[in-house]
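Because the structure is predicted, anything quoted here is derived from the model rather than measured.
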Amino acid sequence: MSVNGEAVRVGPGTGRADEPGWEVDPDDDWALAVVATVGRQLKLRREAVGMRVPEFAVAVGYGEDLVYKIESGRRIPRPEYLDTADEILRAGGLVAAMKEDVRKVRYPKKVRDLAQMEARAVELQLYDPLHIHGLLQTPEYARALLSMRRPAYSAEEVERFASARAARRAVFDRDPAPELGFILEEWTLRRPLGGREVLRAQLEHLLTVAVLPTVELQVMPTDRQEHAGVDGGIEMLKFADGTAVGRSPAVAGGRAVSDLRQLRILELRYGIIRAQALTPRESIAFVEDLLGET
């Protein structure tokens, strides 16, 4: 079972157990191969110490069905499962070491691909007309936003996607850090998704990020009479070798593009939106005023 989206272990003898892991995307070949290998190693080590599945399930504190799913490569185990299994199987850290392999496939493939590009980019120009951008979201805000989706995500999916967004924030910790430009719509900063306290924490986080030397955060006021962003969001990632990748619903049906002509269109639109928005200094003052009202 889960409480507030977090996995909760149910002890032996209760007749129930949560499933501390994630489903494997059947179209993600790399994830399937990694999870199958991890499951096979767990099974071989369990058999090597002479433990049957029912005995191991009791020792690890989860259901037999989950053990079978993990060992057959149909479930991605959580880190705590591998830690516990390492102790029970007396693996000397070899099972726990597989957490690094699991970590790389726990997120959806499209999220991993995006994170890899963000990790290589030397400049990111980002405009999201619908939400506070994922790289700027606090975990609580991300969970609240994901919980609004209809049809609804399961608690497991909410937690998985929120964790994926949190992992992408490693881009702020790179050295040297990339240049990051964000344009946010005023209305996305006013809507109290998840409640006032969640919004307050989100606004405080924006102010913390906005003063970083490599970050430029701008707010597009709702009362602007001219707005070049009516065709949707923009993502532009530029790399050290001079190449770039961009994406927008208004260009190539929202697919990622690297063609120079299409990139120029995106850069032109982003530049106009940026000019129409408040300056970074004005935007910080604007967010501070919003925080005072919240």
* **Any Tyr81 side-chain heavy atom under 4.5 Å of Val67 side chain** => yes
* State, with a plain yes or no, whether a side-chain heavy atom of Gln202 is found less than 4.5 Å away from one of Val198. => no
* To do: Please step through salt bridge (charged side-chain N to carboxylate O under 4.0 Å, His left out) for the pair Glu71 and Arg46, ending with a clear verdict.
  => CA-CA 10 Å; Glu71 291 187 356; Arg46 175 180 58 76; 2.7 Å; yes
* Should the pair Arg78-Glu159 be classified as a salt bridge under the 4.0 Å nitrogen-to-oxygen rule? -> no
* Asked: Do Val245 and Leu135 sit in the same hydrophobic cluster, where Ile, Leu, Val, Met, Phe, Trp and Tyr count as joined when their side-chain heavy atoms come under 4.5 Å apart?
  -> yes
* Structure fact -> Interatomic distance, CG@Leu124 vs CE@Met117, rounded to 0.5 Å, equals 9.5 Å
* What distance do Leu237 atom CG and Arg247 atom CZ have between them, rounded to the nearest 0.5 Å? -> 9.0 Å
* To do: Determine whether the side chains of His227 and Glu185 contain a donor N or O and an acceptor N or O closer than 3.5 Å.
  => yes
* Does CZ belonging to Arg191 count more than 12 external heavy atoms closer than 6.0 Å? -> no
* Side chains of Ile284 and Leu207: does their closest heavy-atom pair fall under 4.5 Å? -> yes
* To do: Run through Val38, Leu82, Asp86 and flag the one making a side chain to side chain contact (heavy atoms under 4.5 Å, CB included) with Lys99.
  => Leu82
Got a list of side-chain donor-acceptor pairs under 3.5 Å for residues 273-282, not counting sequence neighbours?
{"unit_1": "Arg274", "atom_1": "NE", "unit_2": "Glu216", "atom_2": "OE1", "d": "3.1"}
{"unit_1": "Arg274", "atom_1": "NH2", "unit_2": "Glu216", "atom_2": "OE1", "d": "2.6"}
{"unit_1": "Arg274", "atom_1": "NH2", "unit_2": "Glu216", "atom_2": "OE2", "d": "3.3"}
{"unit_1": "Gln276", "atom_1": "OE1", "unit_2": "Ala228", "atom_2": "N", "d": "2.8"}
{"unit_1": "Thr279", "atom_1": "OG1", "unit_2": "Glu282", "atom_2": "N", "d": "3.1"}
{"unit_1": "Thr279", "atom_1": "OG1", "unit_2": "Glu282", "atom_2": "OE1", "d": "3.3"}
{"unit_1": "Glu282", "atom_1": "OE1", "unit_2": "Thr279", "atom_2": "N", "d": "2.9"}

* About how many Å separate CZ of Arg174 and OG1 of Thr214, when rounded to the nearest 0.5 Å? -> 9.5 Å
* Min side-chain heavy-atom separation Leu136-Leu206 under 4.5 Å -> yes
* Residues two or more places apart in sequence or in another chain: which of them pass side chain to side chain contact (heavy atoms under 4.5 Å, CB included) with Glu186? -> Arg190, Val219, Pro221, Thr222, Phe286
